[in-house]
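Everything below concerns the one structure shown next.
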Amino acid sequence: MPASNFHVEFSGVGVRIGMATILRDVELTVAPGESLGLFGANGAGKTTLLRVVATLLKPSGGSARVLGVNLDSPDRFDVRPRLGLIGHSPALYPELSLLANLEFAARVSGVSLAAAAEALRAVGMEQAADRPAGEASFGMQRRVEFAREIMLQPDLLLLDEPHSALDPSAIELVEHIVAGVLQRSGAVVLVSHDVDRVAPMVTRTAELRGGTIQ
Amino acid sequence: MPASNFHVEFSGVGVRIGMATILRDVELTVAPGESLGLFGANGAGKTTLLRVVATLLKPSGGSARVLGVNLDSPDRFDVRPRLGLIGHSPALYPELSLLANLEFAARVSGVSLAAAAEALRAVGMEQAADRPAGEASFGMQRRVEFAREIMLQPDLLLLDEPHSALDPSAIELVEHIVAGVLQRSGAVVLVSHDVDRVAPMVTRTAELRGGTIQ
Amino acid sequence: MNSGFWRQAMAVARRDLERERHAGEVVWVTIPFGAIALLLVPLAVGINQDVLSRIGTGMLFVVVMLFGVLTSIRRTNIETPPQRDAIALLGIDPVAEFAGKTAASAVVLLVFEVVMAAVAVALYGIDISGWWWMIIVLPLTAIGLAELGTISGAIAASVQAGPALVPLLVTPLAIPLLLGATQTVENIDPDGGNLSWLVLMAIVVLVLAIVGVLTARPLQETR
Amino acid sequence: MNSGFWRQAMAVARRDLERERHAGEVVWVTIPFGAIALLLVPLAVGINQDVLSRIGTGMLFVVVMLFGVLTSIRRTNIETPPQRDAIALLGIDPVAEFAGKTAASAVVLLVFEVVMAAVAVALYGIDISGWWWMIIVLPLTAIGLAELGTISGAIAASVQAGPALVPLLVTPLAIPLLLGATQTVENIDPDGGNLSWLVLMAIVVLVLAIVGVLTARPLQETR
Amino acid sequence: MTARGRLAWLDITAVIAVVGALVFAMVSPRVESQGDSARMLFIHVPTIWLAYLAFAVTFVASIAFLVTRKLKWDLVAGSSAEIGVVFTTVAIIGGMIWGKATWNVYWTWDARLTLTAVMLFVYIGYLALRRAIPDPVARARRSSVLGILGLVQLIPVHFSVTWWRTLHQTNTFRPRDIQMDGPILAALLVSVAAFTLVYAALLRRRYQLAEMELEAHRAAAAAEGPVAGDAVSAPTIGST
Ligand code: HEM
Ligand SMILES: Nc1ncnc2c1ncn2[C@@H]1O[C@H](COP(=O)(O)OP(=O)(O)OP(=O)(O)O)[C@@H](O)[C@H]1O
Ligand SMILES: Nc1ncnc2c1ncn2[C@@H]1O[C@H](COP(=O)(O)OP(=O)(O)OP(=O)(O)O)[C@@H](O)[C@H]1O
Ligand SMILES: [Mg+2]
Ligand SMILES: [Mg+2]
């Protein structure tokens, strides 16, 4: 695995789904310790770009490296444990309790169960630990997703509109978690529509327009 | 139907789901022409309260009137066409195109199909009219929900975090739609975590804490 | 039953058929799956041709019933909670919703039945002398099953266990339909014995329609 | 196959069983629905008791197969796209995921099979002289069906037609299992003919396991 | 000769061979006990054997794809399965016609007949899966698994007549023990050879077509279409 100075290194990346062109000619680098704010109109392709960076969607062209690994090579699976993503809609299992959801992630990742309970406490949800995720409010589910990333400590964290659904007391979770990643020389890509709000926590911004980064 | 001076008139309203008490002793009135900003921590019960006002969830106690109709009486179904709700997650049929989704609502409500196309244009989505809703981005789906309410012109509009997912060019949709409702002497209840942002469009605010309005 | 009623019922039926057309679940899954079932059962059970041509019609209707129930829980017939909220707030007449959903399901089921019947005839060498009754039996079965599916769907929508409950509610109730269908087609009775079975089916379908119409509003109230 | 592998496989199996325990889909829907099917078929088909006790075992396995396929598309076995994304990013070993999912499904299927067998014996008056083979046949069938369900689920995951495709893929492929199961239990053959059927089943189960393990990674790459 | 020319030559040979084989079959001596309908043998058996071959090719090509990750193997697998489905259908229809003549029913309750139909379903499922996935690479990965699994079906189909002694002919070709009259055997072998040519010709044609489809897909993928997000514009209300 040749060393790379960047956590994300995209050059000429295009993305198509079926016959539709979503992204083209995307040039993007994010260095360790950097936090990128990604903006763009509705439908511009921000979520799509995050999923490509998360190795969940393969680019249809160009050269894309994430955490030093080429997205075309099978090695991309090996970097997945180092990636974290909080998307638009919660990804919890509705039948399982909030704590059980975290514990599942902990078991798969080889993290201790104590860390799961600890993370739940960190987001202020320890008293709702036994509530099934399907009965938790939208914001509560988002908080648990933050807890998961706090617990798993990814090197590259991808956030899709992280502020939505968080109440004022929880809104600093975003700043906290971004700071944590940067502190251990990780990188963050943060999608948002609210330039002012994310300004303090990003080191750089980019805008998606016409399917590419302007 | 006895006349009422309020669009929403709750007194001592409690809500239980299964064994859990979500809300208790809620006192709330919203007059025509009023726009209420509703705040509260994650899990405080804002979404639940909106669903009660929307007649979708029956209160377990107290007296609740919406648009002059008691929520205990079967008449509550008759006011539903006058209610509009935009919730956390999009309610479109993923197989149908964005326009077909709107047209379905138009047909059911007896609105002309031209109005559906017009509403889609108003939210800037006419070029994506034929895209299946399942392939539209999160913000695009939200915009279509706004188009639906623009088309249906409800007398009581309930918005659950309406700003999330809208890009800066679309953010004024919220203000526009609220203004429209107030202009025709309707009322609005707007849930948000962002006090500053909603301040210009609400005439009054309330906070949910401990399962009741403070 | 004013024009608003029909407009809403048509809109609902149209929506369901459109969704089904796009998803293609019945064409691509239920029909092949049903055909496989028709093929499988005799093989595993080791019935010979004689028995088979005798019991073939019964087998056909068993498969129609079991898989018919599956079509009423097809993805495109089930609404997510936000979708349910949205349609409730459109102020749809619950009776119109019942009529529209049932009509769409009946169309889908009828297509399914016709294909299954063709497969059964081809495979089982069924004696089809009584089959012209099918012209009435198939639509009646389709409508009856569709009514049951819609009613049970509405009941289940208000319960935790949700769509999963539907088959459990529908299947036992569908037994009179199943019996009526099999008997009408099989008993070629010059004294008009078939007719009495047909009448039974028609009554069941009618009763279900009445139940559906009368319960549409109370069931909606649970939401 | 280090400790990480087993830890992940266990975690997945545990998650699936927990989800199933909370949702109770198999207990509350598949089992009653299967029992109704067992009940319905003879009724509609009009078979008498003699025939029934002869073909009962076959019927049992047909029902196990058809409804077994339905358990592999049970709600708690299918992940939503965000859930799939999340689990992918946990960096789970695809082979461990295959093993864990299959193990959980096999347990669920075994429970289903045992209840169905009891119902069939009670209803059909089956000659159970060959039934001690069931001790091996039932687990083998359960494992085989579970493997097929997991593989097909992985093939169909994130394909548009999605979960709907699974039964179509699984059912025909499950035929060798069905044949093996029926024949082992029914042919009481002093020359050890049963054994050769058992061997067939075991081979199928093994082949499926190998295919599942070898294709787990290529299938993951499609995501 | 150009590649295209050679291909046309293969097509023509295949057609001539099949016509020749069928003529040969027609003039071959009549089996008294079965009548002229027995000549169905020369269509029925070759088509089903060629279906076996086609599915075996799908199996091998699927493995080859998974090992080499070369898309051309997937094209071979898909093309061959399609031809196999056609051959299976022809064999079943031929068998049904034959069955009407000898057993007096189109379809009977027989293990081989059933399992042949099940095999058809497996590969229809395979084709349905391919149809459901537009992206060539994803399609190749997913369908190759099914292409491998599908071969499992051939075993019960082939042995069905031994496992259940029912109506259908038992396997007459066993190593070292061929139970068939010389002339009939000769006619059958000629017919099999001819149908093999047909298979080869069809496979090459279908593969060519598949390559063209892939090329078209790639060309469409390379073409600069409109960007999906450009369909969204600023709302016309609210901002004014
Ligand atoms: C729909 C009806 C039929 C189907 C699906 C069917 C299927 C098959 C299959 C799959 C084979 C290949 C067996 C193998 O080599 O593995 C086969 C071979 C054969 N079939 Fe049929 N068959 C049908 C009807 C008939 C009929 C009506 C006859 C004649 C009475 C017949 C005579 C034969 C013979 C002679 C062979 C060659 C057996 C051998 O040498 O292996 N088939 N058939
Ligand atoms: N079906 C249910 N069963 C039990 N409790 C529930 C159910 N649905 C919601 N709750 C609980 O009710 C409370 C209120 O939920 P609600 O969704 O109304 O909160 P909210 O104020 O909208 O929060 P958020 O800001 O996170 O959206 C939560 O604590 C939630 O766990
Ligand atoms: N499966 C798909 N098929 C076709 N087009 C798709 C598909 N998924 C997404 N798109 C299109 O790709 C574009 C980008 O979508 P994406 O979700 O990335 O936008 P976004 O920038 O995240 O928008 P938003 O701000 O609304 O979340 C949209 O125009 C969408 O319609
Ligand atoms: Mg997005
Ligand atoms: Mg809420």
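Sequence lines set the chain letters: A, B, ... in the order given, protein chains first and strands last, and positions in each chain run from 1. Heavy-atom basis, side chains included; hydrogens, waters and symmetry copies ignored.
In this structure, a donor-acceptor pair under 3.5 Å is absent between the side chains of Arg197(B) and Ser192(B). In this model, a donor atom of one side chain and an acceptor atom of the other lie less than 3.5 Å apart for Thr21(B) and Arg16(B).
Note that NZ of Lys58(A) and CZ of Arg51(A) are 14.5 Å apart. Values are rounded to the nearest 0.5 Å. Summarising the geometry, atom CG belonging to Leu56(A) is positioned 8.0 Å from atom CG belonging to Leu83(A); distances are rounded to the nearest 0.5 Å. Put simply, OH on Tyr93(A) and CG on Leu98(A) are 14.5 Å apart, with the number rounded to the nearest 0.5 Å. Taking CG from Leu92(A) and CG from Asn101(A), the interatomic distance works out to 4.5 Å, rounded to the nearest 0.5 Å.
Residues of residues 138-154 of chain B that come within less than 4.5 angstrom of chain A, heavy atom to heavy atom, are Phe138(B), Gly139(B), Met140(B), Arg143(B) in numerical order. Taking non-hydrogen atoms and a 4.5 Å limit, the residue list of residues 34-43 of chain B in contact with chain A, ordered by number, reads Gly40(B), Ala41(B), Asn42(B), Gly43(B). Using a 4.5 Å heavy-atom cut-off against chain A, the contacting residues of residues 159-167 of chain B are Glu161(B), Ser164(B), Ala165(B), Leu166(B), Asp167(B).
Judged purely by atom type and a 3.5 angstrom limit, Ser11(A) has no side-chain atom pairing as donor or acceptor with the backbone of Glu27(A). Judged by distance alone, with hydrogens and angles left aside, the side-chain atoms of Arg76(B) form no donor-acceptor pair with the main-chain N or O of Asn70(B) at under 3.5 Å. A donor-acceptor contact shorter than 3.5 Å links the side chain of Arg80(A) to the backbone of Thr55(A).
Residue Gln183(B) places its CD atom among 12 or fewer non-hydrogen atoms of other residues, nucleotides or ligands, all under 6.0 Å distant. For CD of Glu175(A), the number of neighbouring non-hydrogen atoms (other residues, nucleotides, ligands) closer than 6.0 Å is greater than 12.
Applying the ring-ring contact (aromatic ring centres under 6.0 Å, His included) test to residues at least two apart or on different chains, none of the pairs has a partner in residues 46-67 of chain A.
Contact of the Asp155(A) side chain with the Val181(A) side chain is not registered, since no non-hydrogen atoms from C-beta on lie closer than 4.5 Å.
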